[in-house]
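Labels below follow one simple rule: chain letters A, B, ... track the order of the sequence lines, proteins then strands, and each chain is numbered from 1. Because only heavy atoms are used, hydrogens play no part in the values below, and waters and symmetry mates are left out as well, while side chains stay in.
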Amino acid sequence: MRMETGQIQHIARLVRLSLTEQEIDRFRDDLSRILESFSVMRRADIAEALPLTHPASLVNVFRSDEPGALLCAGGEQKLRAMFPDQENRFLRVQTILQRYGEE
Amino acid sequence: MERSSNSIQETRAAVASRKVRTEDLVAAALERIRAQDGEIGAFVTLTEERALKRARALDEAAAHGKELPPLTGAICSVKDAILVEGARCTASSRMLENYVAPYQATAVDRLEAAGGIVIGKTNMDEFGMGTSTENSAFGPTRNPRDPSRVAGGSSGGAAASVAADMCDAALGADTGGSIRLPASFCGVVGVKPTYGSVSRSGLIALASSLDQIGPLARNIADAEAVFAAICGRDSFDSTSTEYEHRSKDVSLRGLRVGIPEEYAGEGLDPAVGRVVQSMLERMKDAGATLVSVSLPNTAFGLAAYYMINTSEVSSNLARYDGIRYGASSREGESIRERYERTRGELFGPEVKRRVMLGAYALSAGYADEHYRRAQRIRTLLKEDFEKAFASADIIAGPVSPVLPFLLGEKIDDPLAMYLVDTYTVPVNLVGLPALSMPAGQAETLPVGLHLIAPPMGEPLLFGTGRAVESLRDTA
């Protein structure tokens, strides 16, 4: 199963990865070989099989909506301490929404 | 201080009777780590102060004649995918190079409450992706039994830390064999418990339907003691199940041991096969019945596993954008450029490969052929095991088709690396409990025996392990 350079570039954009030319070539070849090998799955007789997304049977787990133990005892402050770029209590990022007409 | 080859139970007794101080055990372990880890590379971070503080608290309790918890004095390492509060947690990735855990995994809470002492964080394949611990951003972990060879992965540091006698036990994580394979390569015990039996809260997620935290140790009893301490429902992990472990003695006499027909294929190194076969023969001589079973969909297991693994990976790793935590690239004018550069610069090649493969497997037009087909094969594998467990109590075979290989031998061939997981991945797909235990050596290299039990079959699994261990050690 032969992947094309264009496909790799497209996937890289989808997963937000910037790749060098060499990486694009290398991953194109790697993914081609891997998918070729995994095409063995076509021989499986899945006609009667439903998909299994999870080994355990998934059950809704409920509890009452009351404040309880905190996962992070240090609270919000501790989490904000990890922001790479902070202003007051806010996390600073580049503009996400552009004005109409800009890229 | 001479390293005793005590079991965890013996160590606790020695601390309780004041024969030994936990603080001295910690100091001795740190000495052994410093003497060897330059060459082996098992540890990413040492948590010396934390370990000494806890040790002193336990010694204080012992001095006052207080009841000591079951793992008192056990020096433990924790895989660097499992959060320990206040300690760096890198997942062996540059993406999290300076990330300090703001909270900790439930499994670590329970380990420490049981008296286990966390001495450091161990090296792994980046984000758990790999079979050799060569994919770490901080250098590989070498096999203590032969430092020119890999320790196995992805919990290579965990296995090496126990094999090199730097600790008594380790917490690792297993998604497709990542505890069992390095345990086999390093000659220690490694256990992947039933999916849901150990909380995943505080485990950096790789593939959420496959990941499980589990223990590595020098012997079955120690591994079982750690499992008993960490298992059970956790309100922070809604996939965790009610689980109270009860230890059970198992006799090999009359035990039906299933041997899958499909595992004796051409991929298996005969040297590995001979060691495993020899152990199985000894079990038979001790009264076990060897039963041939069939797992007909084995041939599709590896492909199905990697399709599911990479799909879940591509989703779970989307959070690493350099925005809320972790390292980030300040380059780039737009937010998209920032994401792309951060991830492009800070992820290693195997991570990139899997993130892309997963995205492809999930994408419109391809999801049916790849992802959904893999999920249906997963059902077939579950049915294979259910049928096999109708005629066998436990399933046995090799953990790895190959002996521990040389550093660099497979790193340029991702497919060859994936093939090493052939026997271990079906277990994760179906959520079964399984362990690797030392079965012997081939050419002086360790070979592990793989034991697989039905879901929630840990008492049978550990009981059988203990019985085989007794057999092995009374040569």
With rounding to the nearest 0.5 Å, note down the distance linking [atom1] in [X] to [atom2] in [Y].
X        : Y        : atom1 : atom2 : result
A/Ser39  : B/His370 : OG    : NE2   : 9.0 Å
B/Arg376 : A/Leu50  : CZ    : CG    : 7.5 Å
B/Glu345 : A/Ser18  : CD    : OG    : 6.5 Å
A/Asp45  : B/Leu380 : CG    : CG    : 7.0 Å
B/Ile308 : A/Leu52  : CD1   : CG    : 8.0 Å
A/Phe27  : B/Met356 : CZ    : CE    : 5.0 Å

[X] versus chain A, heavy atoms under 4.5 Å apart: side chain, backbone, both or neither?
X        : answer
B/Phe236 : side chain
B/Leu429 : backbone
B/Lys382 : side chain
B/Ala361 : neither
B/Pro414 : side chain
B/Ser238 : both
B/Tyr366 : side chain
B/Ser208 : backbone
B/Val355 : both
B/Thr194 : neither
B/Ala304 : both

Given B/Thr241, B/Asn98, B/Leu357, B/Thr106, the one with more heavy-atom pairs under 4.5 angstrom with chain A than any other is B/Leu357
Given B/Leu317, B/Asp413, B/Asn428, B/Leu432, the one with more heavy-atom pairs under 4.5 angstrom with chain A than any other is B/Asp413
Can you find a heavy atom in the side chain of [X] that is under 4.5 Å from one in the side chain of [Y]?
X        : Y        : value
B/Asp321 : A/Arg16  : no
A/Glu48  : B/Glu383 : no
A/Arg26  : B/Pro349 : yes
A/Leu35  : B/Met307 : yes
A/Arg13  : B/Arg336 : yes
A/Arg63  : B/Ser235 : no
B/Tyr360 : A/Val15  : no
A/Ile34  : B/Tyr306 : no

Closest non-hydrogen atom pair between [X] and [Y], with its separation:
X        : Y        : result
A/Pro84  : B/Gly322 : CG-O, 3.4 Å
B/Arg373 : A/Met41  : NH1-O, 3.0 Å
A/Pro55  : B/Ser209 : CD-O, 3.2 Å
A/Cys72  : B/Pro102 : SG-O, 3.5 Å

Okay, A/Leu17 and chain B: the region with an atom under 4.5 Å from a heavy atom over there is both
Counting heavy-atom pairs under 4.5 Å to chain B, which of [options] comes out on top?
options                            : answer
A/Leu31, A/Thr95, A/Asp30, A/Leu79 : A/Asp30
A/Arg43, A/Gln86, A/Arg92, A/Arg80 : A/Arg43
A/Ile96, A/Val93, A/Leu19, A/Leu71 : A/Leu71

Practice problem: May I ask you to decide if the ring planes of B/Tyr195 and A/His54 are parallel, tilted or perpendicular, using 30° and 60° as cut-offs? | Solution: perpendicular
| Is there a donor-acceptor pair closer than 3.5 Å between any side-chain N or O of B/Arg378 and the backbone N or O of A/Thr53? | yes
